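Below is one structure; the comments refer to it alone.
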Amino acid sequence: MNTSAFSAVKLAPSDPILGLTELYKSDTNPDKVNLGVGVYYDDNGSVPLLECVQAAETVLVAKRAARAYQPIDGNARYNNLVQALLLGTESKVLSTNRMISAQTLGGTGALKIGADFLKQVVKCTDIWISNPSWANHRGIFENAGLKVNTYPYYDAESRGIAFEEMLATLKTLPRQSVVLLHACCHNPTGADLSREQWRLVLDVVVEQDLIPFLDIAYQGFGDSIEEDGYVVRLFAETCSSLLISNSFSKSFSLYGERIGGLSVVSSTDEESLRVQSQIKRLIRSNYSNPPIYSGALVETVLASPELRAQWELELQAMRERIKLMRSALSENVSSKSGIDFSFITEQRGMFSYSGLTREQVVKLREDYSIYAVESGRICVAALNNSNISLVSEAIANVVD
């Protein structure tokens, strides 16, 4: 046989989160808990199928529609509904046609198409992401050919945001630098900027002529759909160049359906048309066009006043359950260890930087079958009334 062309291929390292799940699955302890994977679970430890989604499925099945190809950038009605969700129906940006949107394969697909656009079309060379950031951010942008740099974000000592250091770094960036910002529910830390801090960041973005790329994968998991959209609307009203990646994986519990959107704000309607043409070209050469079903589910819910209201109630229930788990974890660990864990309640969204060291995370896994990412990030949404006591006691034991 000829020498294999793949003989020199090296074994890639396991994904730090998905690899952790494989370890969890192989654990035979009946009381094992997976705090690593970024998925919302209900109080029974199950991924919920939302009632509004079930109702939308009934509507779609009754239509018995054909499965023809969608437009390259997806269904226009879906894209319009995404825009209204992000900016509101009274937005001047929308009324002046300065925003274009495209249905993508989840938020990850939106980030990838956006990265390709910045590299290939805008000719950007670098991007700055927060330290820390979602682990996949670096891979997505590096694979698109962008050099990934970091700006300070999390302060481990105060368990808050290193805001002055963040702002000082942003002020040093070259003109037209791309800055990735988490619009709400920062992943992985759960630490969000205040509205006043966001306005100061926006001032620097404008002064330095930076290109902001907002990632909003958790709209509705912080305070509400409306309040969590504040940052996107603030930047859209001010910036002449803005990219936005949004996802419905968590808010609709549609993880395996891969549904999200990429939106781009330009300075004029004519500029938006040119941007749209390039976004469509990139999608066409990547996956040609998006699937019908996932977008139709979200579109059906958002377009129906009744289903939209039901969705917001279900999302509110998820948000409130996470907050209850935050409070329970904080109170339990503090009472059992004597260590102040109240910072957990100040963080927002599905994730928390717990302050656990790598050694403590390993001890949790080996001694208690509780799985967390080695950075100490935990998914608070994986906690429930059945495992909260066990997890709290285990954390108290390893930090004591």
Side-chain angles (χ1 to χ4, degrees), residues 39-40 42 47-63 65 70-71 73-95 99-107 110 183-185 214-234 236-237 244-263 290-323 348-350 381:
V39 174
Y40 175 86
D42 61 22
V47 177
L49 177 59
L50 301 189
E51 291 182 10
C52 64
V53 171
Q54 294 179 57
E57 289 182 313
T58 300
V59 172
L60 294 180
V61 169
K63 287 182 177 180
Q70 286 212 102
D73 52 354
N75 184 284
R77 190 185 189 205
Y78 167 88
N79 290 330
N80 290 337
L81 289 165
V82 167
Q83 293 179 351
L85 183 71
L86 292 173
L87 299 190
T89 56
E90 303 300 318
S91 168
K92 291 183 179 179
V93 173
L94 298 184
S95 64
M99 177 190 245
I100 64 97
S101 297
Q103 178 186 336
T104 57
L105 306 183
C184 71
C185 303
L214 301 180
D215 189 357
I216 181 163
Y218 305 96
Q219 187 174 5
F221 276 90
D223 294 308
S224 68
I225 288 290
E226 182 70 21
E227 292 185 61
D228 292 352
Y230 168 78
V231 174
V232 175
R233 297 172 189 186
L234 177 69
E237 290 169 2
I244 307 159
S245 162
N246 79 286
S247 169
F248 293 112
S249 293
K250 277 76 175 178
S251 61
F252 274 77
S253 194
L254 289 173
Y255 302 95
E257 294 291 352
R258 311 311 301 133
I259 178 65
L262 172 67
S263 299
I292 292 174
Y293 189 70
S294 55
L297 285 173
V298 173
E299 176 191 334
T300 301
V301 173
L302 294 182
S304 163
E306 294 79 16
L307 293 182
R308 167 69 185 257
Q310 184 178 16
W311 171 56
E312 293 202 27
L313 284 174
E314 292 185 86
L315 186 53
Q316 178 183 350
M318 290 191 283
R319 179 173 66 244
E320 290 178 350
R321 198 190 77 77
I322 291 174
K323 290 180 179 179
R348 291 154 35 95
M350 289 176 52

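Every value quoted in this text rests on a predicted model; they were computed, and no experiment measured them.
- One distance of note links CD of Gln70 with OH of Tyr293; it measures 14.0 Å at 0.5 Å rounding.
- Shown here for Ser245 and Gly107, the closest heavy-atom pair between the two residues is OG-O, 3.2 Å.
- For Ala381, the side chain to side chain contact (heavy atoms under 4.5 Å, CB included) partners two or more places apart in sequence, or in a different chain, are Tyr40, Ile322, Met350, Cys379.
- Without hydrogens or angle criteria, Thr89 side chain to Ala84 main chain gives no donor-acceptor distance under 3.5 Å.
- Within the 3.5 Å criterion, the main-chain N or O of Asp228 finds no donor-acceptor partner in the side chain of Asp223.
- A pairwise comparison of heavy atoms in Leu85 and Phe248 identifies CD2-CE2, 3.6 Å as the closest pair.
- Salt-bridge check for Glu312 with Arg308: passed, with a basic side-chain N closer than 4.0 Å to an acidic carboxylate O.
- Taking CD1 of Ile259 as the start and CG of Leu254 as the end, the distance is 8.5 Å to the nearest 0.5 Å.
- In this structure a side-chain-to-backbone donor-acceptor pair under 3.5 Å is present from Gln103 to Pro291.
- Rounding to the nearest 0.5 Å gives a distance of 11.0 Å between CG of Leu214 and CG of Asn246.
- Inter-residue side-chain proximity for Glu51 and Trp311 is flagged as unmet; no heavy-atom pair is nearer than 4.5 Å.
- When the side-chain hydrogen bond (donor to acceptor under 3.5 Å, both in side chains) test is applied to Glu90, no partner is found at least two apart in sequence or on another chain.
- Put simply, the side chain of Leu315 reaches to within 4.5 Å of the side chain of Phe221, judged on heavy atoms.
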Sequence neighbours left out, cut at 3.5 Å: what donor-acceptor pairs do the side chains of residues 294-302 make with other protein atoms?
unit_1: Ser294; atom_1: OG; unit_2: Glu257; atom_2: O; d: 3.4
unit_1: Glu299; atom_1: OE2; unit_2: Arg77; atom_2: NH1; d: 3.3
unit_1: Thr300; atom_1: OG1; unit_2: Ala296; atom_2: O; d: 2.6

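- Remark: Ser91 pairs with no residue by the side-chain hydrogen bond (donor to acceptor under 3.5 Å, both in side chains) rule, at least two apart or across chains.
- Taking each heavy atom of Ala183 and Val232 in turn, the nearest pair found is CB-CG2, 4.1 Å.
- Smallest separation of non-hydrogen atoms from Arg258 and Ser249: NH1-OG, 3.3 Å.
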Practice task
Decide yes or no on side chain to side chain donor-acceptor pair (under 3.5 Å) for Glu226 and Ser224, but give the supporting numbers first.
Solution key: CA-CA 5 Å; Glu226 182 70 21; Ser224 68; over 6 Å; no
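- Tyr78 meets the side-chain hydrogen bond (donor to acceptor under 3.5 Å, both in side chains) test with no other residue; sequence neighbours excluded.
- The main-chain N or O of Pro48 is never found under 3.5 Å from a side-chain atom of Asp42 such that the two would form a donor-acceptor pair.
- The side-chain hydrogen bond (donor to acceptor under 3.5 Å, both in side chains) search around Ser101 returns Gln83, Ser263, not counting sequence neighbours.
- Checked by atom type and distance alone, the side chain of Gln219 never pairs as donor or acceptor with a backbone atom of Leu86 at under 3.5 Å.
- Looking at every heavy atom in both residues, Cys52 comes nearest to Glu314 through N-OE2, 2.9 Å.
- A donor-acceptor pair under 3.5 Å is formed between the side chain of Asn79 and the backbone N or O of Asp73.
- Across every non-hydrogen atom of Leu307 and Ala55, the tightest pair is CD2-CB, 3.6 Å.
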